[in-house]
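To keep things clear, I will list the structure first and then write my remarks on it.
Here is how names work: the chains are called A, B, and so on, in the same order as the sequence lines, proteins then strands, and each is numbered from 1. All values derive from a computational prediction rather than experimental measurement.
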Amino acid sequence: MSELSKTFEPREIEDRWYGHWESEGLFRPHRPDAQPWTIVMPPPNVTGSLHIGHALDITLQDVLVRRERMRGKDALWVVGTDHAGIATQMVVERTIAGQGLTRQKLGRDAFLEIVWDWKNTSGGMITRQLRRLGASCDWAHERFTMDEGFSRAVTKVFVELYRRGLLYRDKRLVNWDPKFQTAISDLEVETKDLQGRFWTLSYPLADNSGAIQVATTRPETMLADMAVAVHQDDDRYKALIGKQIRHPLTGRLIPIIADEHADPELGSGAVKITPGHDFNDYEVGRRAGIRPADMLNMFDAQAFVVQTRDGLIPSEFLGLSREEARKAVVARLEDEGSLVGVEDRVIPTPFGDRSGAIIEPWLTDQWYVDAAKLALPALQAVKKGNIKIVPETWTKTWFNWLENIQPWCVSRQLWWGHRIPAWYAEDGHVFVAETEEEAKDQAGGRPLRQDEDVLDTWFSSALWPFATLGWPGETDDLRRHYPNDVLISGFDILFFWDARMAMQGIEFMGEVPWRTLYLHGLVRDAHGQKMSKSKGNTVDPLVLVDQYGADALRFTLAAMESQGRDIKLDEKRVEGYRNFATKLWNAARFLKMNGIGASDSIAAPTAPELAVNRWIIGEVVDTLEKLNRAFDELRYDEMADAIYHFVWGTFCDWYVELIKGAFDEETKRVAAWVFDQILVMLHPLMPFITEELWHSMPSDGNKRDSDIVVAKWPEPKAEVDAEAKAELDWLIRLVSEVRSARTELNVPPSAKLNLFAADASDETAGRLDRNHATLSRLARLESIQLSSFPGQGAAQVVVDEATFALPLEGVIDVGAEKARLDRAAAAAEKERDSLAQRLSNPNFTERAKPEAVEKARLDHEAKSAEAERLRAALERLG
RNA sequence: GGGCGCGUAGCUCAGUGGUAGAGCACACCCUUCACACGGGUGGGGUCGUAGGUUCGAACCCUACCGCGCCCACCA
């Protein structure tokens, strides 16, 4: 491996190093005495595949855990997959449908066997894909939300919550998904605006004394109407309160009731009440004293019309879908002259987020978690600062949601999931227990039937931060790694997952699940559009990895991640950071070519003689400081920025250029050390190329003691050498000025010029002397003289106190040079004048901070001097 | 209806009370012995609009305009 190939081939090294890291157990070295550091990966759906959102999420986590591992911590990144109830069952049902099968035909046990098979065969894809990104998680302890231990934890939590009165069974309206035929939680409902209509109907009074008009957006539900409500203060209807209505289609006698829900401003001011199929009406019904069990239901599980308990729905409507029923009802009302008016109207309509079906409020028995009680401590935890949310702006959202939280429906009418540990006796009495035996004991031997339903997937994933560590067992892992240090998740699952983890974690562990909650945004396409399969604008992260390498993709995602903003991913950026990797690769080749290999020490070489070496060590220290600060503040963009500019802008563009042709032992030692620091600092962001180069750097016959994945994060004791910094800063400015003048005056790159330094201080003279060779090479100079140029026709540049002349007799376009100098002088004068104006304002000198005044004075002095010198240079040209 | 965020160079985005930055793109030059996935140089912004606070605002406050997102039962 001593010879680096001419081009950097990510694919080959990525597979090789990942395999090495994993098989050697380097992602979780045994460090029982080290300070623990913990993060859990949001478990991806077991049957899912990697999308760009995962890539971002994984990158952000891996960057952190790699640095903590390098800092010597007992770093643990918990990994595993989620059984994803609805999503997985849906996929499998679709598959067996191809063979003409349904789960009902198969029966529960046979169906579940198929799902498990499916999970076992296709479940490994996403975890293989995570590896391609370089995710350094603890694969040896990979978990699954339905593995044995985890399932035990889920059952225990359910039973405990029940015993603590925080979980109960209740009959009420629930969001029913008629396509999947299951209840879903409020969070799984997406409200979308749909173009609909607003019908006004006429309901006759039972005593034939007249009629009352009601308005509705869902006429079909009138078949289950149980009342008409008006506002108690509405003079139009006051007298009618308590009277009966003969329902137009069913003939059902229903009362006119007073309820504040009826808005006199809206429609006719009277509203039909269907407690069994509308959330508002349900509440009105409750207030009117109707028990949930007595509420009329007119739909089956697939939302087809069925007969109400009172048998009053005319047979022509039975068996119709909601849409058909609506048409039929409207048609009949029209025939009967009961339809008073129709207008178009936009209707906010609830959809199931997975099924896309319109949700039907339906009366069922479900299990609910008393979320309001669990929410309180989670709210407090953020208020007291036990959980820090980054970026902070999300705390308000956190409070707002938790403060208004509703009971959480956790039962699902599915088969794939954790079966609810509740058993019913013949009489309906329920026994909740961790095992059937326990339940039987409680029931005193009566025959029992287990609840058919399973739990919401999020109920189990909420336990991820502690159930993966062995809870309810009191394991060493649990003691050391709970609470986790940080959680990284997209804000889209803030309520689904993060908040529920906080609630369950505090309830069962008595302590917050993580100290910091970092929320990142969505990855969008280059134009800011949300990526979706239907739009066809999705970016497959693995395609990018194939094309540019995992390091480039990781670096891009980190560089574009600035605290929570959505990321517009542009492939050009990935390409750019691939180029960056290549640049680094070639810098390594260059160093090796010149006998520079691995550093023999972790500590910075002490007090080098050459300024350039002292300077670059200081630059490393600077960069490390920036990097560490960025890590502490979770500023990924700043991490990337700091290392990128150091590697390319400082190390490659200047240091390497400066040391070319002068590879003395000291420089070799310093260069080797600096490059090692670069590899280590860059490793969290670009793990693969850094590991490859780490092992490529040692000269023939030598080897590194260990891999960079477990190398020591830099802690150079060195300090920034101010003198060296000043000197190199000067050198860079001088070279840049000369280059700029050359280009602007169209001096051929090959032409070598003489340089005359006028008014040079002793310090400048010394610097010119010390840097004679590099200066000549970088600025393409023939000679350097410490005197003013006696002749005419020279380009001139001003750096600090000195004026440098580059004689260009015959070549120079005096007009162009004059224009150039004039522009430079004008710029300096403009700044000088603006500073002068500020300084002449007593309000400024008296009220501004003394440092600001002092700085303005110094700047003014410098700019005045510079302007003067430039004007003098201009004069010299005649 | 409530809440949040955004509007800075052609594009994507940093920035923050003291006279605007990056990457890409663009223009010109360079086959200089690490790298053309490169090197050098350069052009380009009245920081959405209007007020206010301040010695000083792109940065703080107010209003407005435009864009996006989240939450909410208006029949």
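For a distance-only test at 3.5 Å, the side chain of A/Arg573 fails to qualify as a donor-acceptor partner of the base of B/C24.
Using a 4.0 Å heavy-atom distance criterion, A/Ala262 is classed as a base contact. Counting non-hydrogen atoms under 4.0 angstrom, A/Gly521 reaches nothing in the nucleic acid. When heavy atoms are screened at a 4.0 angstrom cut-off, A/Leu835 is found touching base atoms of the nucleic acid. Among the atoms of the strands shown, base atoms are found under 4.0 Å from some heavy atom of A/His261. In this structure, A/Phe198 reaches the bases: a heavy-atom distance under 4.0 Å links it to at least one base atom across the strands shown. Residue A/Ser834 is in base contact, counting any heavy-atom pair closer than 4.0 Å across all strands shown. As judged by a 4.0 angstrom heavy-atom cut-off over every strand, A/Asp263 is placed among the base-contacting residues. Nucleic acid contact for A/Lys863: none, since no nucleic acid atom lies under 4.0 Å from a heavy atom of the residue.
In this view, A/Trp398 satisfies the ring-ring contact (aromatic ring centres under 6.0 Å, His included) rule with no residue, not counting sequence neighbours. Every residue two or more places apart in sequence or in another chain was checked for a ring-ring contact (aromatic ring centres under 6.0 Å, His included) with A/Phe351, and none qualifies. The ring-ring contact (aromatic ring centres under 6.0 Å, His included) search around A/His520 returns none, not counting sequence neighbours.
Atoms CD (A/Glu638) and C1' (B/A14) sit 8 Å apart, rounded to a whole Å. Between the P atom of B/G56 and the CD atom of A/Glu831 lies a distance of 21 Å, rounded to the nearest Å. Put simply, CD on A/Glu575 is 9 Å from P on B/C37, counting in whole angstrom units. Whole-Å rounding puts the A/Leu494 CG to B/C4 C1' distance at 12 Å. Following rounding to the nearest Å, A/Arg629 (CZ) and B/G15 (P) show an atom-to-atom distance of 14 Å. Computed from coordinates, the A/Glu190 CD to B/A72 C1' distance equals 15 Å when rounded to whole Å.
RNA chain B is contacted by A/Lys849, A/Ala852 of residues 849-860 of chain A, taking any non-hydrogen atom closer than 4.0 Å. Residues of residues 344-353 of chain A that place a heavy atom closer than 4.0 Å to RNA chain B, in numerical order, are A/Arg345, A/Pro348.
Residues A/Leu745 and A/Ala795 approach most closely at CD1-CB, 3.4 Å, considering heavy atoms. In terms of heavy atoms, A/Pro275 sits closest to A/Ile290 at CG-CD1, 4.3 Å.
When side chains are defined from C-beta on, A/Glu831 does not count as touching A/His860, because their heavy atoms never get closer than 4.5 Å. A/Asp278 has its side chain out of reach of A/Pro361: every pair of non-hydrogen atoms, C-beta onward, lies at least 4.5 Å apart. Between A/Met295 and A/His277 there is no side-chain heavy-atom pair separated by less than 4.5 Å. Taking the side chain as every heavy atom from C-beta outward, A/Leu194 and A/Val346 never approach each other to under 4.5 Å.
By the neighbour-count criterion of 12 heavy atoms within 6.0 Å, atom CD of A/Gln837 is sparsely surrounded, having that number or fewer from other residues, nucleotides or ligands. Environment of CZ in A/Arg777: crowded, with over 12 heavy atoms of neighbouring residues, nucleotides or ligands closer than 6.0 Å.
Checking B/A75, B/G23, B/A14 against the side-chain heavy atoms of A/His645 singles out B/G23 as nearest. Comparing atom distances between the A/Leu266 side chain and each of B/G18, B/C74, B/A34 picks out B/C74 as nearest.
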**Asked** In dot-bracket, 5' to 3', how would RNA chain B read with Watson-Crick or G-U wobble pairs under 3.5 Å, [ ] for crossing ones and | for pairs to another strand?
**Response** ((((((((.[[[[.)..(..]]]].(((((.......))))).....[[[[[..)....]]]]])))))))....

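Ring geometry, A/His247 versus A/Tyr203: the interplanar angle exceeds 60°, so the pair is classed perpendicular (tilted spans 30 to 60°).
Considering only side-chain N and O atoms, A/Lys396 lies nowhere under 4.0 angstrom from the phosphate OP1 or OP2 of B/G3. Dashed line: the shortest gap from a side-chain N or O of A/Asn579 to OP1 or OP2 of B/G38 is under 4.0 Å. Checking the phosphate oxygens (OP1, OP2) of B/U54, no side-chain nitrogen or oxygen of A/Arg838 falls inside 4.0 Å.
Residue pairs meeting the ring pair (Phe, Tyr, Trp, His ring centres under 6.0 Å) criterion with at least one partner in residues 832-854 of chain A, sequence neighbours excluded, do not occur; the list is empty. The stretch residues 549-568 of chain A participates, sequence neighbours left out, in these ring pair (Phe, Tyr, Trp, His ring centres under 6.0 Å) pairs: A/Phe555-A/Tyr577, A/Phe555-A/Phe580.
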**Message:** A/Leu56 vs A/Leu60, test: side-chain contact (heavy atoms from CB on, under 4.5 Å). Steps then yes/no.
**Reply:** CA-CA 6 Å; A/Leu56 171 65; A/Leu60 301 183; 3.9 Å; yes

**Verdict with supporting geometry, A/Val735 and A/Leu775, side-chain contact (heavy atoms from CB on, under 4.5 Å)** = CA-CA 7 Å; A/Val735 170; A/Leu775 196 49; 3.6 Å; yes

**Asked** Are A/Asp498 and A/Leu517 close enough, and set up right, to give a side-chain contact (heavy atoms from CB on, under 4.5 Å), and what steps lead you there?
**Response** CA-CA 8 Å; A/Asp498 306 346; A/Leu517 170 57; 3.8 Å; yes

Distances under 3.5 Å between protein N/O atoms and the N/O atoms of nucleotides 6-8 of chain B, please, pair by pair.
{"from": "B/C6", "atom 1": "O3'", "to": "A/Arg565", "atom 2": "NH1", "distance (Å)": "3.4"}

Could you run down the sub-3.5 Å N/O contacts of the protein with nucleotides 66-70 of chain B?
none

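Nearest-nucleotide mapping onto RNA chain B: of A/Pro749 and A/Phe590, the residue sitting toward the 5' end is A/Pro749.
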**Under 4.0 Å protein heavy-atom contacts per nucleotide of nucleotides 39-46 of chain B, with B for base, S for backbone only and - for none** = SSSS----

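Using a distance-only test at 3.5 Å, with no hydrogens or angles considered, a donor-acceptor pair links the side chain of A/Arg322 to the main chain of A/Ile358.
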In a table with atom names and distances, give each donor-acceptor pair under 3.5 Å that connects a side chain of residues 647-658 of chain A to protein atoms at least two apart or in another chain.
{"from": "A/Tyr655", "atom 1": "OH", "to": "A/Asn613", "atom 2": "OD1", "distance (Å)": "2.6"}
{"from": "A/Glu657", "atom 1": "OE1", "to": "A/Lys660", "atom 2": "NZ", "distance (Å)": "3.3"}
{"from": "A/Glu657", "atom 1": "OE2", "to": "A/Lys660", "atom 2": "NZ", "distance (Å)": "3.2"}

